[in-house]
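Step one of this worksheet: look at the structure below.
Since this is a predicted model, take the numbers as computed values, not measurements. Proteins get letters first, then strands, A, B, ... in listed order; numbering begins at 1 in each.
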Protein chains: 2
Amino acid sequence: MQIGEAARRAGLTVKTVRYYANIGMVTPRQDAVTGYRDYGEGDVAKLQFVGKARKFDFSVEECRELLGLYEDRNRPSREVKAMTLKKIDEIDARLAELQSLKDELTGLASACDGDHRPDCPILNALSGK
Amino acid sequence: MQIGEAARRAGLTVKTVRYYANIGMVTPRQDAVTGYRDYGEGDVAKLQFVGKARKFDFSVEECRELLGLYEDRNRPSREVKAMTLKKIDEIDARLAELQSLKDELTGLASACDGDHRPDCPILNALSGK
DNA sequence: CTTTACCTTCCCCTCGGGGGAAGCCTTACA
DNA sequence: TGTAAGGCTTCCCCCGAGGGGAAGGTAAAG
């Protein structure tokens, strides 16, 4: 099938699918005459796989790695689990960071009247006064 | 003072300070003979201000806006508070997103044995089987 | 025969700078 | 006096993960 159909079935944009072909992640057959990319069922499955992994916040390089594991029928599940736990740790770190950021901003906002007067604890905090 | 000293005092890199000069955010005087940028105390204060605002996850454009409000002695605190509340909302949205992502990944990881065997619920989930 | 809807490659854009080259300025030291 | 070191300058390319659009080829339908 052509790239548009493959993209639609994988829930990705044509640009994204073409990008994955360019970086060698999902490489379809290419018609020698027209130059059109020709996607098979297996390619679409890979595209869907990568699309889901991306939604799970795996980077493109991590997706490439996961795809390698996915295609290796004998790989131990250990490696996949390790990558997933690492990703969870990263998310945890980011959650903590955002939470403390939110706490600080919330504290500043509650101290600011937010009216017509120019005095503003938020700006004072930013300017270090 | 020269850019290196200004950067050190603001806790930023020279590259970053030069970038802020290039985009017109903090524009020091520039020596006509040597071409060296010449930072005053007010410039350093602005750099520190922007540095802190960046740590609070404000974008460079938002920092530019905050800096404008900071320099306007008569601006109402309303605007600053509104920006802060908006930023808090954005952080909340990102927190919720990351939390649900973490929940999904945690569920998958706990279902995966993570041993030498090839069966892996994580990959199965990604491949939609 | 022409329109329409695909597809291709190619290049520039995002955001917030980082890395490094080539070249100028000033100071310190042999 | 030379030179080495450490500042500074501009200029250009790089990152991730594609998006936008131009210019041009192709296929199917009217």
Side-chain angles (χ1 to χ4, degrees), chain A residues 1-40 43-44 46-67 87 90-91 94 97 101, chain B residues 1-40 43-44 46-67 87 90-91 94 97 101:
Chain A
M1 82 198 71
Q2 294 188 347
I3 195 172
E5 172 76 2
R8 197 189 55 72
R9 284 179 52 180
L12 301 173
T13 68
V14 169
K15 275 284 189 184
T16 298
V17 173
R18 200 173 278 134
Y19 174 68
Y20 290 163
N22 285 339
I23 65 173
M25 182 133 71
V26 179
T27 52
R29 202 185 68 79
Q30 196 154 12
D31 189 300
V33 178
T34 64
Y36 284 19
R37 292 175 181 85
D38 181 14
Y39 288 82
D43 294 322
V44 171
K46 286 193 207 174
L47 288 173
Q48 286 171 341
F49 181 97
V50 174
K52 286 189 191 175
R54 289 286 298 131
K55 285 190 185 161
F56 280 120
D57 251 23
F58 286 103
S59 73
V60 164
E61 278 319 299
E62 286 168 333
C63 288
R64 195 195 297 274
E65 201 171 337
L66 285 170
L67 204 50
K87 184 56 59 181
E90 288 171 17
I91 292 176
R94 184 65 181 147
E97 201 177 336
L101 203 54
Chain B
M1 80 199 73
Q2 294 188 348
I3 195 171
E5 172 76 2
R8 197 188 56 70
R9 285 178 51 181
L12 301 173
T13 69
V14 168
K15 276 283 189 186
T16 297
V17 174
R18 200 173 278 134
Y19 173 68
Y20 290 163
N22 285 338
I23 64 173
M25 183 133 71
V26 179
T27 52
R29 202 183 69 79
Q30 197 154 11
D31 189 300
V33 178
T34 65
Y36 283 18
R37 292 175 181 83
D38 181 14
Y39 289 81
D43 293 324
V44 171
K46 287 193 207 175
L47 288 173
Q48 288 171 339
F49 181 97
V50 173
K52 286 190 192 174
R54 290 286 298 133
K55 284 190 185 161
F56 280 121
D57 251 24
F58 286 102
S59 73
V60 165
E61 278 319 300
E62 287 168 333
C63 288
R64 194 196 296 273
E65 201 171 337
L66 285 170
L67 204 49
K87 184 56 59 181
E90 288 171 17
I91 293 175
R94 184 66 182 147
E97 201 177 338
L101 203 54

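With hydrogens and angles disregarded, no donor-acceptor distance shorter than 3.5 Å links the side chain of B/Arg18 to the backbone of B/Ile3. Here the side chain of A/Lys87 pairs a donor or acceptor atom with the backbone of A/Asp57 at under 3.5 angstrom. With hydrogens and angles disregarded, no donor-acceptor distance shorter than 3.5 Å links the side chain of B/Asp38 to the backbone of B/Arg29. Remark: the backbone N or O of B/Arg37 is not paired with any side-chain donor or acceptor of B/Gln30 at under 3.5 angstrom. Counting only distance, with no hydrogens or angles, the side chain of B/Glu65 and the backbone of B/Glu62 share no donor-acceptor pair below 3.5 Å. A donor-acceptor pair is defined here as one N or O able to donate and one able to accept, closer than 3.5 Å; no such pair exists between the side chain of B/Gln48 and the backbone of B/Asp43.
For A/Arg29 and C/dT8, the CZ to P distance is 12 Å, given to the nearest whole Å. Counting to the nearest Å, the P atom of C/dA5 and the CZ atom of A/Arg8 are 17 Å from each other. One can place CE of B/Met25 at 12 Å from C1' of C/dC15, the figure rounded to the nearest angstrom. Per the geometry, CG belonging to A/Leu47 stands 16 Å off P belonging to D/dA17, to the nearest Å. For the pair B/Asp38 CG and C/dC25 P, the interatomic distance rounds to 17 Å; values are reported in whole Å. D/dG18 atom P lies 12 Å from atom CG of A/Asn22, rounded to whole Å. For A/Arg64 and D/dA17, the CZ to P distance is 11 Å, given to the nearest whole Å. Distance, B/Tyr19 OH to C/dG19 C1': 16 Å, rounded to whole Å.
Of all heavy-atom pairs spanning B/Val50 and B/Tyr20, the tightest one is CG1-CE1, 3.7 Å.
For A/Val60, the side-chain atoms get nearest to D/dA17 when compared with the rest of D/dC8, C/dG17, D/dA17. Among the nucleotides D/dT9, D/dG18, C/dC7, the one closest to the side chain of A/Tyr20 is D/dG18. Side-chain proximity of A/Gln30 to the nucleotides C/dT8, C/dG17, D/dT9 is greatest for C/dT8.
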- Task: Summarise protein proximity over nucleotides 19-30 of chain D in one line of letters, 5' to 3': B for base, S for sugar-phosphate only, - for none, counting protein heavy atoms closer than 4.0 Å.
- Result: SBB---BBS---
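Taking only side-chain nitrogens and oxygens, A/Arg37 never comes nearer than 4.0 Å to OP1 or OP2 of C/dC6.
Both A/Phe58 and B/Ile3 lie close to DNA chain D; mapped to their nearest nucleotides by heavy-atom distance, the more 5′-ward contact belongs to B/Ile3.
Heavy atoms of B/Glu61 sit nowhere under 4.0 angstrom from any nucleic acid atom. Using a 4.0 Å heavy-atom distance criterion, B/Ile23 is classed as making no nucleic acid contact.
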